[in-house]
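Encoded as structure tokens, the structure appears first; notes follow it.
From a predicted model like this one, the values you see are computed outputs, not experimental measurements.
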Amino acid sequence: MPKVSPELLSILRCPVTGSPLVQEGDELVSIDAAAGGEKLRYTIEDGIPLLLPPELLAAANAATSGQHDSKA
């Protein structure tokens, strides 16, 4: 499990709520809940927190996988 340094964690904020984040396993979790009442979770891949709101993360993943499917 990649551990985010305390220095980095102290400056990171949830892009949706603006609240600080805490690490829980392989994810960062917002301290404050979003408008729907849920605490937002962000994955950490290769030691890098992916701080994209859920709807943008899905779009980014779709765009990335589509770029690799076609051959030039």
Are the side chains of Leu12 and Pro49 in contact, using a 4.5 Å heavy-atom criterion?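 In short, these two side chains touch, coming nearer than 4.5 Å.
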
Query - Heavy-atom side-chain proximity of Ile48 to Ile44 below 4.5 angstrom - result: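 No; the side chains remain at least 4.5 Å from each other.
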
So Leu28 and Leu40, side chain to side chain contact (heavy atoms under 4.5 Å, CB included) or not? Walk me through it. CA-CA 8 Å; Leu28 296 180; Leu40 298 172; over 6 Å; no

Is a donor on one side and an acceptor on the other found under 3.5 Å between the side chain of Gln23 and the backbone of Val4?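 Yes, because the side chain of Gln23 sits within donor-acceptor range (under 3.5 Å) of the backbone of Val4.
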
Expected output: side-chain Ser10 to main-chain Glu7 donor-acceptor under 3.5 Å
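The answer is yes, because a donor-acceptor pair under 3.5 Å joins these two groups.
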
In short, Ile31 meets Ser19 closest at the heavy-atom pair N-OG, 3.4 Å

Tightest non-hydrogen contact, residues Ala33 and Gly37, listed as CB-O, 3.4 Å

task: Would you give the length of the straight line joining atom CZ of Arg41 to atom SG of Cys14, rounded to the nearest 0.5 angstrom?
output: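 Those atoms lie 12.0 Å apart.
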
**Item:** Separation of Thr17 OG1 from Lys39 NZ (nearest 0.5 Å)
**Value:**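 Interatomic distance, Lys39 NZ to Thr17 OG1, rounded to 0.5 Å: 10.0 Å.
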
Next on the checklist: Determine whether Tyr42 and Leu50 satisfy the following criterion, side chain to side chain contact (heavy atoms under 4.5 Å, CB included), listing intermediate values before the conclusion.
Outcome noted: CA-CA 6 Å; Tyr42 302 96; Leu50 301 179; 5.7 Å; no

Practice prompt. Answer yes if Leu9 and Val22 sit in the same cluster of Ile, Leu, Val, Met, Phe, Trp and Tyr residues linked by side chain heavy atoms under 4.5 Å apart, and no otherwise.
Written response: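 Shared cluster, no.
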
